[in-house]
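A short write-up of the structure that comes next.
Both counts, for ligands and for their atoms, begin at 1 and track the order of listing.
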Amino acid sequence: MPHLLITGGAGFIGSHVVRLFVQRYPNYTIINLDALTYAGNLENLRDIENAPNYVFEKGDITDAAFLDSLFAKYPFEGVIHLAAESHVDRSITNPLAFVETNVMGTVNLLHAARKSWGNQLEGKRFYHVSTDEVYGSLGEEGFFTEETPYDPRSPYSASKASSDHFVRAWFHTYHLPVVLSNCSNNYGPYHFPEKLIPLMISNIKEGKSLPVYGDGKYTRDWLWVKDHAEAIDTIFHKGRIGETYNIGGNNEWKNIDLVEKICDIMDELLGKPQGTSRTLITFVKDRPGHDRRYAIDASKLRDELGWEPTVKSEEGFRATAQWYLDNESWLEQVRSGAYQQYYAAQYGQ
Ligand code: NAD
Ligand code: DAU
């Protein structure tokens, strides 16, 4: 029975990856390692927590001794590493946490895997999940490819870029069998409401203002989170060792257009006259160092491994809005306590 370590499995993307692997591969034992920071939530996995091939381990990737004990406890054949501090705005106010978890945590994990696996590398795989933000910012034209030079500009993207470099260093220097992917913005169920789409949905529900940074013309490429989980499955099983694959939704939206779209969907779902929620849109102070545009060329992944996004934006945005309306108690739980202080500090209300 292959043992697979998934880090950050109680977070947004990680929970979709854990669920997919637990359900699709009953012959694997899935060990979910998560520190349960503010972004980690075992509620995200309630439906599969009793599955016979699923184990949860609470622990911190910044704790090297703990990682050694985990690799001694389980005969891991693979690692899918998602644990990270993931919110750009938080990286601006608290950059050191990003260096500790994203850089040092990743190095600890590489080090533990190498020590445990030694020269027995046949069949082993270390998959590092990263972001398109490492490539910097695009103008109106062009796409990020796997050859685009790194140009990170926020503490978050710099920490992820650094972690990518360490993963490649472990491949070249120690022949650790690694594979990497760099993905665009995800959306869907269980997305923590500090990020744009769930923040807008929850504020519309409460009639609160919708803070759009700067001129609102910043552009992101949005991908349905379950399509990302499928891409991770494909790359984990079929990706070539030492390679990097870009993952994207082929679905670019300027923030203001996206927020207006969410407003219109919410008006429809809440039975309000069209245009009601748009009146809540408020342009606020810009994010420092705000990257203008991200857009992914995912043709390598499509041509080599046959993955393509399946969910169209209209369908995905509607399903997301409906999910938040149907899961009010989840939203209440994650927005309690420390989240209130974060919201007040970030948005001054
Ligand atoms: P998230 O913030 O929702 O979840 C992160 C998870 O990691 C949480 O469960 C948290 O408890 C855990 N974690 C944080 N620090 C930890 C530590 N020190 N030790 C153990 N666990 C720890 O993040 P997400 O949006 O699901 O992103 C997951 C990964 O995917 C990250 O590596 C991120 O950089 C990458 N990524 C995210 C997106 C996106 O749009 N969200 C896009 C591309 C890549
Ligand atoms: O591109 C992949 C990245 O996407 C991931 O690596 C990150 O982990 C993930 O958080 C996400 O980063 P972004 O900064 O793009 O996502 P966020 O949801 O924070 O913001 C999306 C856009 O919306 C961005 O241009 C900033 C803007 N924004 C965001 C918030 C929270 C606003 O205008 N107002 C807001 O209140």
Who's the nearest protein heavy-atom neighbour of [atom], and how far?
atom	result
atom 21 (N) of ligand 1	A35 N, 3.1 Å
atom 40 (O) of ligand 1	N186 N, 2.9 Å
atom 17 (C) of ligand 1	D60 OD1, 3.5 Å
atom 36 (N) of ligand 1	I13 CD1, 3.9 Å
atom 31 (C) of ligand 1	L82 O, 3.2 Å
atom 44 (C) of ligand 1	S130 O, 3.2 Å
atom 19 (N) of ligand 1	I61 N, 3.0 Å
atom 1 (P) of ligand 1	S86 OG, 3.5 Å

Can you confirm, on distance only, whether ligand 1 has an N/O atom lying under 3.5 Å from any N/O atom belonging to [X]?
X	value
F12	yes
E85	no
N185	no

Taking 4.0 angstrom as the limit, do [X] and [Y] come out as a salt bridge?
X	Y	value
D264	R278	yes
R46	E43	yes
R293	E252	yes
K312	E314	no
K254	E260	no

In ligand 1, which numbered atoms sit nearer than 4.0 Å to a non-hydrogen atom of [X]?
X	answer
L36	11 (O)
Y156	33 (C), 34 (O)
V129	30 (O), 32 (O)
C183	42 (C), 43 (C)

| task | Please confirm whether R287 makes a cation-pi placement over Y213, using NZ or CZ under 6.0 Å from the six-membered ring centre and within 45° of the ring normal. | result |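 Judged by the rule (NZ or CZ under 6.0 Å from the ring centre, within 45° of its axis), R287 is not positioned above Y213.
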| request: May I ask you to establish whether R90 and F98 are in a cation-pi arrangement, using a distance under 6.0 Å from NZ or CZ to the six-membered ring centre and at most 45° from the ring axis? | output: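 No; the conditions do not both hold, so R90 does not lie above the ring face of F98.
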| message | Over 60° means perpendicular and under 30° means parallel, so tell me whether H237 and Y25 are parallel, tilted or perpendicular. | response |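 It falls in the tilted class, 30° to 60°.
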| said: Using 30° and 60° as the class boundaries, would you call the ring planes of Y187 and W222 parallel, tilted or perpendicular? | reply: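 Correct class here is perpendicular.
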Side-chain ([X]) to main-chain ([Y]) donor-acceptor, under 3.5 angstrom:
X	Y	value
Y127	S181	no
H128	F126	no
D34	E57	no
D221	N251	yes

Are [Y] and [X] an aromatic pair, judged by ring center distance below 6.0 Å?
X	Y	value
Y190	H16	yes
F317	W253	yes
F12	H191	yes

| Mind checking what residues have non-hydrogen atoms under 4.0 angstrom from ligand 2? |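 Ligand 2 pocket, heavy atoms under 4.0 Å: S86, H87, V88, D89, T131, D132, E133, Y156, C183, S184, N185, E194, K195, L196, L199, P211, V212, Y213, Y218, R220, N255, R287, H290, Y294, Y347.
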Please state which part of [X] comes within less than 4.0 Å of ligand 1, counting heavy atoms only: side chain, backbone, both or neither.
X	answer
N102	neither
K160	side chain
T37	both
F98	neither

| request: If a pair satisfies ring pair (Phe, Tyr, Trp, His ring centres under 6.0 Å) and one of its residues is in residues 35-59, list it, with sequence neighbours excluded. | output: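 Output for this query lists Y38-F192.
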For ligand 1, is [X] a contact, meaning one of its heavy atoms is under 4.0 Å away?
X	answer
S184	yes
A10	yes
G59	yes

